[in-house]
Amino acid sequence: MEAARNFIGGEWIAATDAAQDINPSNTADVVGLFARADANAAAQAIEAAKAAFPAWSRGGIQQRHDILKRVGDEILARKDELGRLLAREEGKTLGEAAGETVRAGQIFLFFAGECLRMAGEKIASVRPGIDIETTREPLGVVGLITPWNFPIAIPAWKIAPALAYGNCVVFKPADLVPGTAHALSDIIVRAGVPSGVFNLVMGRGSVVGEALLTHPDVAGISFTGSVATGRTIAAKCAEGMKKFQLEMGGKNPLVVLDDADLGVAVDCAANGAFFSTGQRCTASSRLIVTAGIHDRFVQALTEKMKSLVVDDAQKPGTQIGPVVDETQLAQNQRYVEIGKGEGARLVAGGERLSRGTPGFYMAPALFTDARNDMRIAREEIFGPVAAVVRARDYDEALALANDTAFGLCAGVCTTSLKFATHFKRNADAGMVMVNLPTAGVDYHVPFGGRKGSSYGPREQGRYAIEFYTTVKTAYTLA
Ligand code: UN1
């Protein structure tokens, strides 16, 4: 089998090294073989992007609009097929995968529109006779490093604004999901991006990522992934004076108050904690529940968990697909043991499951009697594991919700306008949800967090322009 190639400088380029892409629902199913670039190939991509930048950035917004529109339209037209590929290589259910694919298409269409809305400001000077204008200009070459858990939506929400605002792109997808990245890149290439404007460089983080972080011609890095990698990226970008944007995860609280609608709270918790196999930085991994509803909530949630169907991602009826790979599954299992060792009570799930095919199946796990200072309540597990922390009342629940190193999303389930309003104002997070799961966000509004979750300007919506452009202030003596 020939490995699927990288796209560098306007050509599909083979590599000497390649990696297999394995279906986590069935490890006997090889999705494909994908090129792994070496440092040289990564440097070529950066140089091609640099060479393409002057023409692309000045080539006009109609061209950019038309290309992004074609990309969005094709993704939407092929949503089922692309969704199947995504489900097959990442392990999301077909419904989740098609939903994510639609989101990616819509993101391209949103930014196609944004190409046409580039505006500046004319500001009066304090000195008579002088005109001042502020405009936005692209950064130049940007390196986009994306995670495995949203194989098409996260690349879309980095690539689309990068191109819309006139940057050239070197896209380094996660090792575990090259198939979707390759399919997306093929669409972008056929939509007519000029040579060098968009480059796909699949390969190891230690090789391709490293090349992006250290090359002087890369002006900006947008990264979504782990905290540990984020820290390394921040240090290297600071060293090279690159602009950077990091999105690194969370330990998102869902607060359930005594006056919550129990059905709504249980649905929010099950969706937020376990759907997408808990593999979302927006997952609700801490369920902070006040005393008056605690026992009813735990009972109803464990009942609901019994009915959740964990199986092959592509099987109709599956609600929770497999964990993405053996390493992640082992980490999840380790945290289940850590939770038990810390004295939390495992009331549901946590065990590895076997299904009709060899895959990384795990029963969603729920702990009760967790304390907020336990590791299972402080560290991001990135799997279907949630911990219930009991709170006396709203004030304690809010304090617990904010007592975390992260600050991506915080949710509250309540029927009280007073508590909802207070929580929206006082939750120390970039996003707040009232009677909604912490995960599952719109595609046209800012996305991002505070504290250890995020660094730099917001992604998505109109706010994406902050990262992908730089402001110029021009003075003219009239
Ligand atoms: C969502 O919850 O809809 O890696 C999006 C992640 C996030 C995306 C979450 N960057 O899970």
Side-chain angles (χ1 to χ4, degrees), residues 83 86 90-93 95-107 110 144-161 172-177 180-181 221-230 233 245-254 267-286 320-321 323-324 328 332 380-386 406-411 429-433 436-461 463-464 467:
L86 198 165
E90 196 269 351
K92 255 175 222 201
T93 65
E96 289 168 342
E100 187 191 328
T101 306
V102 168
R103 191 200 296 204
Q106 287 163 330
I107 288 167
F110 177 89
L144 308 180
I145 305 176
T146 59
W148 51 260
N149 67 328
F150 281 84
I152 193 161
I154 294 180
W157 81 51
K158 295 189 195 294
I159 296 168
K172 190 265 179 247
D175 289 356
L176 287 172
V177 290
T180 307
I221 296 282
S222 180
F223 164 81
T224 301
S226 71
V227 174
T229 309
I233 290 179
Q245 171 184 59
L246 311 173
E247 212 284 287
M248 298 169 290
K251 195 70 197 174
N252 309 293
L254 177 71
D267 285 348
C268 287
N271 176 325
F274 305 128
F275 286 6
S276 294
T277 323
Q279 298 173 150
R280 293 186 283 193
C281 57
T282 45
S284 320
S285 46
R286 293 186 298 142
I320 296 179
V323 173
V324 75
Q328 183 64 49
N332 298 347
E380 185 176 51
I381 300 173
F382 221 63
V385 183
F406 294 100
L408 186 57
C409 192
M431 299 178 290
V432 182
M433 303 285 182
L436 287 166
T438 54
V441 298
D442 281 14
Y443 65 86
H444 67 306
V445 292
F447 176 94
R450 301 177 179 178
K451 300 195 276 184
S453 287
S454 305
Y455 188 93
R458 290 285 182 268
E459 302 196 79
Q460 302 205 68
Y463 284 70
F467 178 72

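Starting from 1, each residue takes its place in the sequence as its number. The shown structure was predicted, so the numbers you read here are calculated from the model rather than taken from an experiment. Whatever order the structure lists them in is the order used to number ligands and atoms, beginning at 1.
Remark: K158 fails to qualify as a cation-pi partner of F223 under the 6.0 Å distance and 45° angle criteria applied to the six-membered ring.
In this structure, the ring of F110 has its center no less than 6.0 angstrom from the ring center of W157.
If you take CG on L144 and CD1 on I159, they are separated by 6.0 Å, rounding to the nearest 0.5 Å. Once rounded to the nearest 0.5 Å, the distance linking NZ of K251 with OG of S284 reads 11.0 Å.
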Nitrogen or oxygen contacts under 3.5 Å, ligand 1 side and protein side:
from: ligand 1; atom 1: 2 (O); to: T282; atom 2: OG1; distance (Å): 2.5
from: ligand 1; atom 1: 2 (O); to: G440; atom 2: N; distance (Å): 2.8
from: ligand 1; atom 1: 3 (O); to: R103; atom 2: NH1; distance (Å): 3.3
from: ligand 1; atom 1: 3 (O); to: R103; atom 2: NH2; distance (Å): 2.7
from: ligand 1; atom 1: 3 (O); to: G440; atom 2: N; distance (Å): 3.2
from: ligand 1; atom 1: 3 (O); to: V441; atom 2: N; distance (Å): 3.0
from: ligand 1; atom 1: 4 (O); to: N149; atom 2: ND2; distance (Å): 3.0
from: ligand 1; atom 1: 10 (N); to: E247; atom 2: OE1; distance (Å): 2.9
from: ligand 1; atom 1: 11 (O); to: N149; atom 2: ND2; distance (Å): 3.0
from: ligand 1; atom 1: 11 (O); to: C281; atom 2: N; distance (Å): 2.6

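Partners of A273 by side-chain contact (heavy atoms from CB on, under 4.5 Å), not counting sequence neighbours, listed by chain and number: A386.
The closest side-chain heavy-atom distance from E90 to N149 is below 4.5 Å.
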